[in-house]
A.B. asks: 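Below is a structure I'd like to ask you about.
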Amino acid sequence: MAGSPTARRRRLSIELKKLRENSGHTCAQVGEALDWSGSKVNRMETGSGRVQPSDIDALCRFYGTTDELREFLKSLARQAKTRGWWQVHGAGVPEWFNIYIGLEQDASTLRQYQCELVPGLMQIEAYARELHTTGAHMSAEDIDRAVRVRMERQSMLTGPDAPDIWFIVNEGAVRNVVGDPALMREQLERVIHTAELPTVTLQVLPFDSGTCPATGSFTMLGFPAPEDPDLVYRDGITDAVYLEGEHHVREYTRAFDGLRAAALSPQRSSQLIKSVLKEYAR
């Protein structure tokens, strides 16, 4: 079973939707049969509404499930109410990013393209703090919380169940000076160190790579259980988009493969980063 509350909530939503679709009923029909609104059923299937164990009992009676499945779904519903370690930091982590962190904690694969910045999982504290100080209207306390969460997320890179991670960064992310040259020197040293981890692959997309898919930054998350489909995550200043479904995943996989083919090999990428690092050392 997936570990984080977010992943449990997502798994529960997937299972409830699957039960309804297999029964051949619409949300409105299920809602009418249980004296609920169709929108309540829809919210439970999209993860936007809290699901009580009593709701699971009613749905399972209607769908005619086994006792074992009913208890499994009730367990998911109970565990989805718990709070993840990252949710204690309040406004330092917006709600739409809370969702991403919960999913990230359970991912078995992570594919990320960054066109402007060093990936968050590779950032040093000073780099992350500079970004939060410059790019958001946050209190000093909330900035501290946001930076702390970003640093704590990085523990997944060296844990016993570390996901397989493939980063592609545009050369601009390596050359764009955040803070000052001294900060960038330390940051690029961290990038090189992180790229040497056994579960991490890093490629740099050079300026002269030619025409590549115009995607903007994005992340694809894969999960160990076949019942939990892959998804694509994209964020902005005030919100994020989560794209599920075979079409979205297929197209972004195709775009990532195109970027991977156009990028430098991991060895040449490391050489480029080391050459830029020397420039910052002057």
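Residues take their numbers from the sequence shown, with the count starting at 1. Since the model is a prediction, treat every value here as computed from it, not as a measurement.
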A.B. asks: Assess whether atom CG of N22 is packed by more than 12 heavy atoms of other residues, nucleotides or ligands within 6.0 Å.
C.D. replies: yes
A.B. asks: Mind checking whether H25 and F62 have ring centres under 6.0 Å apart?
C.D. replies: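 They qualify: ring centres under 6.0 Å apart.
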A.B. asks: Heavy-atom count check: over 12 atoms from other residues, nucleotides or ligands less than 6.0 Å from R268 CZ?
C.D. replies: no
A.B. asks: Any salt bridge linking R254 with D257? Criterion: basic side-chain nitrogen under 4.0 Å from a carboxylate oxygen.
C.D. replies: no
A.B. asks: Do you know which two heavy atoms are closest between L183 and D180, and how far apart they sit?
C.D. replies: N-OD1, 2.8 Å
A.B. asks: Can you confirm whether L16 sits close enough to L59 that some side-chain heavy atom of one is under 4.5 Å from a side-chain heavy atom of the other?
C.D. replies: yes
A.B. asks: What I'd like to find out is whether the side chain of E116 reaches to under 4.5 Å of the side chain of N176, using heavy atoms alone.
C.D. replies: no
A.B. asks: Are the side chains of F167 and Q203 in contact, using a 4.5 Å heavy-atom criterion?
C.D. replies: no
A.B. asks: Flag the pair E152 and R148 as a salt bridge only when some basic side-chain nitrogen lies within less than 4.0 angstrom of an acidic carboxylate oxygen.
C.D. replies: no
A.B. asks: Is it true that Y280 and R175 share a donor-acceptor pair across their side chains at a distance under 3.5 Å?
C.D. replies: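 Not at all, the side chains of R175 and Y280 share no donor-acceptor pair under 3.5 Å.
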A.B. asks: Apply side chain to side chain contact (heavy atoms under 4.5 Å, CB included) to L19 and T65, showing your working.
C.D. replies: CA-CA 9 Å; L19 282 172; T65 70; 3.9 Å; yes
A.B. asks: P206 and A263: which non-hydrogen atoms are nearest, and at how many Å?
C.D. replies: CD-CA, 4.1 Å
A.B. asks: Taking all non-hydrogen atoms of both residues into account, name the closest pair between S209 and A262 and its distance.
C.D. replies: CB-O, 3.9 Å
A.B. asks: Ion pair present between R150 and E125, side-chain N to carboxylate O less than 4.0 angstrom?
C.D. replies: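 A salt bridge is absent here (no side-chain N lies under 4.0 Å from a carboxylate O).
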A.B. asks: For F256 and F218, take the angle between the two ring planes, folded into 0 to 90°, and tell me which bin it lands in: parallel under 30, tilted 30 to 60, perpendicular over 60.
C.D. replies: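 Because their plane-to-plane angle is over 60°, the rings of F256 and F218 count as perpendicular.
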A.B. asks: Is there a side-chain contact between M44 and S13 (heavy atoms, below 4.5 Å)?
C.D. replies: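 Of all side-chain heavy-atom pairs linking S13 with M44, none is under 4.5 Å.
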A.B. asks: Decide, yes or no, whether a salt bridge links K74 with D55 under the criterion of side-chain N to carboxylate O below 4.0 Å.
C.D. replies: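 Not counted as a salt bridge, because no side-chain N and carboxylate O are separated by less than 4.0 Å.
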A.B. asks: Is the shortest side-chain heavy-atom distance between R250 and H247 below 4.5 Å?
C.D. replies: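 Yes, their side chains come closer than 4.5 Å.
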A.B. asks: Between E15 and K18, is there a side-chain N and carboxylate O pair less than 4.0 Å apart?
C.D. replies: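 So E15 pairs with K18 through a salt bridge.
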A.B. asks: Less than 4.5 Å apart, any side-chain heavy atom of Q187 and any of V178?
C.D. replies: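 No, too far: nothing below the 4.5 Å cut-off.
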A.B. asks: Quick one: which of I273, L117, V204, V118 gives a side-chain contact (heavy atoms from CB on, under 4.5 Å) with V169?
C.D. replies: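 Answer to the side-chain contact (heavy atoms from CB on, under 4.5 Å) test with V169 among I273, L117, V204, V118: V204.
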A.B. asks: State, without any angle test, whether E104 and Y100 hold a side-chain donor-acceptor pair at a distance under 3.5 Å.
C.D. replies: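 There is such a pair between these side chains.
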A.B. asks: Between Y242 and Y233, how do the two ring planes meet: parallel, tilted or perpendicular, split at 30° and 60°?
C.D. replies: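 Plane angle between 30° and 60°, so tilted.
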